[in-house]
Q: 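Once you've had a glance at the structure underneath, I'll fire off some questions.
All values below were derived from every heavy atom in this structure, side-chain atoms included, with hydrogens, water molecules and symmetry-related copies excluded.
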Amino acid sequence: MRRKYGIAGVFVTAMLALAACGGGGSTGGNPLDTTSAAPTGSASGAGDTGGKAVVGSFDFDESVLLASIYAQALEAKGVQVEEKPRIGSREVVYDQVKSGGLTIVPEYNGNLLAFIDPKATAASTDEVNTALKEKLPAELEALDSSPAEDKDSLSISKDTQTKQSLNTIEDLAKVSKDMVVGGPPEFKKRWEARFKEVYGLEFKEWKPTGPTTSDAIKDGSIQVGNVFTTDPKMVANNLVALQDPKNIFPAQNVTPLLHKASASDTIRTTLNGISAKLTTESLLQMMQKISVNKDEPATVAKEWLTTNGLG
């Protein structure tokens, strides 16, 4: 569980697995834990012209992919773009956007809110974004959130879903006592009480499956597990993330974060157009190409933009 905090009593981790949950070149990463040097330079171009933009990313592949999508789409609209990939931690990246050293970074709304306000309890996308508008400093602006999320989930195999008609976490209540659940070593301690309180879940056994959780679901040693929604193994192992109607796992929508004074209307319109079309499914598919096929993030980004008429 690389990014996690609950509704009552916020659980925030440093996303040590991404983590999104890392170092350069890995499919994982951790925007909270790396310590790369800050970028230099600035962006300009406020107003109605396309202007210039410095697009940065955290030090993990998904962030590099998203930043490349932003950069290529902006270039297609006539914006002069400089890319600064794999900068490092959120502490570094956030300060660079705030100061204007970066114009844009792809963020995750729930993690961003938790970084700004560790006591935040907002859970749904609307709640998180409302809180962000109140908490963001005047120098920063969060644009439209995409439907795409990279967050914790309770996942099962498609075979289990079909046989037991399970579509939501709530559905698990009728069968959870016969199921073994897996996840990181701390999973039970952090979530057992919340699952019972919110969804009435009581599992037969809890196993510390850690990074092997997806494979454990596939081989049947567990029936349900904590898997990140854009983990490429979701596709490779034919898994399904159960819907979370009560938002026990807070929203983690991909959301562009801007240095307000440096962003033009062209930048805002272009990035909002990307957010409107970016889904969790498409993000998962793109990460599959990067992780399994070893395609370059920029190549995958270009394919997605072309397919969606944004390139």
Q: Between Glu134 and Ala131, is there a donor-acceptor pair closer than 3.5 Å when you use the side chain of the first and the backbone of the second?
A: no
Q: Would a distance-only check, ignoring hydrogens and angles, find a side-chain to backbone donor-acceptor pair under 3.5 Å from Ser291 to Gln288?
A: no
Q: Using salt bridge (Lys or Arg N to Asp or Glu O under 4.0 Å), reason through Arg86 and Asp61 one step at a time and then give a plain yes or no.
A: CA-CA 8 Å; Arg86 302 189 185 279; Asp61 283 348; 2.3 Å; yes
Q: I would like to know whether Lys260 and Glu139 meet side-chain contact (heavy atoms from CB on, under 4.5 Å); could you show each step before the answer?
A: CA-CA 6 Å; Lys260 187 183 297 185; Glu139 299 92 337; over 6 Å; no
Q: One thing to verify: whether Glu82 and Lys52 come together as a salt bridge, which I'm taking to mean a side-chain N less than 4.0 angstrom from a carboxylate O.
A: no
Q: Please give me the minimum heavy-atom distance between Leu242 and Leu166, naming the atom from each residue.
A: CD2-O, 3.8 Å
Q: When Lys233 is tested against each of Asp215, Val227, Thr213, Leu284 for side-chain contact (heavy atoms from CB on, under 4.5 Å), which residue passes?
A: Asp215
Q: Go through it in stages, so that I can follow the logic: the residues are Leu112 and Tyr94, the test is side-chain contact (heavy atoms from CB on, under 4.5 Å), and I'd like the CA-CA distance, side-chain angles, deciding distance and then a yes or no.
A: CA-CA 9 Å; Leu112 178 60; Tyr94 178 87; 4.0 Å; yes
Q: Can a donor-acceptor pair be found, under 3.5 Å and without considering hydrogens, that links the side chain of Ser63 to the backbone of Asp59?
A: no
Q: Checking Ser99 side chain against Gln96 main chain: does a donor-acceptor pair fall under 3.5 Å?
A: yes
Q: Output the distance between atom CD1 (Ile217) and atom NZ (Lys158), rounded to the nearest 0.5 Å.
A: 13.5 Å
Q: Between Val224 and Thr160, is a side-chain contact (heavy atoms from CB on, under 4.5 Å) present by the stated rule, with each step listed?
A: CA-CA 9 Å; Val224 58; Thr160 298; over 6 Å; no
Q: Among side-chain atoms of Glu62 and Thr230, is any donor-acceptor pair under 3.5 angstrom?
A: yes
Q: Does the distance from a Lys or Arg side-chain N to an Asp or Glu carboxylate O, for Glu197 and Arg194, drop under 4.0 Å?
A: yes
Q: Can you give me the closest heavy-atom contact between Ala173 and Leu201, atom names plus distance?
A: N-CD2, 3.4 Å
Q: With rounding to the nearest 0.5 angstrom, report the NZ to OG distance, Lys204 to Ser176.
A: 12.5 Å
Q: With side-chain hydrogen bond (donor to acceptor under 3.5 Å, both in side chains) as the test, pick out the partner of Thr125 among Asn247, Thr255, Asn253.
A: Asn253
Q: Report yes or no: does Gln223 contribute a side-chain atom to a donor-acceptor pair with the main-chain N or O of Val180 at less than 3.5 Å?
A: yes
Q: Side-chain contact, heavy-atom cut-off 4.5 Å: Leu66 with Leu278?
A: yes
Q: Is there a side-chain contact between Val181 and Lys207 in this structure, where contact means two heavy atoms from C-beta onward sitting under 4.5 Å apart?
A: no
Q: State whether the number of non-hydrogen atoms from other residues, nucleotides or ligands found under 6.0 Å of Lys196 atom NZ is greater than 12.
A: no
Q: So, Thr279 versus Ser282: side-chain donor-acceptor pair below 3.5 Å or not?
A: yes
Q: Can you name the closest pair of heavy atoms from Pro250 and Ala122 and give their distance?
A: CB-O, 4.1 Å
Q: Do Leu257 and Leu140 make a side-chain contact, defined as non-hydrogen atoms from C-beta onward lying under 4.5 Å apart?
A: yes
Q: Find the distance between CD (Glu75) and CD (Gln80) and round it off to the nearest 0.5 Å.
A: 10.0 Å
Q: Testing the basics here: between Gln72 and Ala298, what is the closest heavy-atom pair and its distance to 0.1 Å?
A: NE2-O, 3.0 Å
Q: Please check if any side-chain donor atom of Asn129 sits under 3.5 Å from a side-chain acceptor atom of Ser145, or the reverse.
A: yes
Q: Roughly how far apart are Asp159 CG and Gln164 CD, rounded to 0.5 Å?
A: 9.5 Å
Q: Less than 4.5 Å apart, side chain to side chain, heavy atoms only: is that true for Lys84 and Leu102?
A: yes
Q: Name the one of Asp171, Asp244, Thr168 that satisfies side-chain hydrogen bond (donor to acceptor under 3.5 Å, both in side chains) with Tyr199?
A: Asp244
Q: What's the separation between atom NZ in Lys302 and atom CG in Asp295, rounded to the nearest 0.5 Å?
A: 15.5 Å
Q: For Glu296, check side-chain contact (heavy atoms from CB on, under 4.5 Å) against everything at least two apart and list the hits.
A: Thr299
Q: Going by heavy atoms in the side chains, are Val254 and Asp150 under 4.5 Å from each other?
A: no
Q: Quick check: Phe203 with Trp191 (ring centres under 6.0 Å apart)?
A: no
Q: Using side-chain contact (heavy atoms from CB on, under 4.5 Å), reason through Thr229 and Leu283 one step at a time and then give a plain yes or no.
A: CA-CA 9 Å; Thr229 55; Leu283 186 54; over 6 Å; no
Q: Is there a side-chain contact between Ile248 and Ile169, using heavy atoms and a 4.5 Å cut-off?
A: yes
Q: Asp152 side chain to Phe249 main-chain N or O, any donor-acceptor pair under 3.5 Å?
A: no
Q: Treating Ser146 as the side-chain partner and Ala276 as the backbone partner, does any N or O pair qualify as donor plus acceptor under 3.5 Å?
A: no
Q: Report the distance from atom CE of Met234 to atom CD of Gln285, rounding to the nearest 0.5 Å.
A: 12.0 Å
Q: Yes or no on side chain to side chain donor-acceptor pair (under 3.5 Å) for Gln161 and Asn167, after CA distance, side-chain angles and deciding distance?
A: CA-CA 7 Å; Gln161 180 192 40; Asn167 296 299; 3.2 Å; yes
Q: Are Val64 and Val54 connected, step by step, through hydrophobic side chains (Ile, Leu, Val, Met, Phe, Trp, Tyr) whose heavy atoms are closer than 4.5 Å?
A: no
Q: Measure across Ile104 and Ile267 and return the closest heavy-atom pair with its distance rounded to 0.1 Å.
A: CD1-CG2, 3.8 Å
Q: Provide the closest heavy-atom pair for Arg268 versus Ala263 in the form atom of the first, atom of the second, distance.
A: NH1-O, 2.7 Å
Q: Measure the shortest side-chain to side-chain distance between Tyr70 and Leu271 over non-hydrogen atoms and say whether it is less than 4.5 angstrom.
A: yes
Q: Between the main-chain N or O of Leu310 and the side-chain N or O of Asn308, is there a donor-acceptor pair closer than 3.5 Å?
A: no
Q: Taking the side chain as everything from C-beta on, heavy atoms only, tell me whether Asn272 gets closer than 4.5 Å to Thr269.
A: no
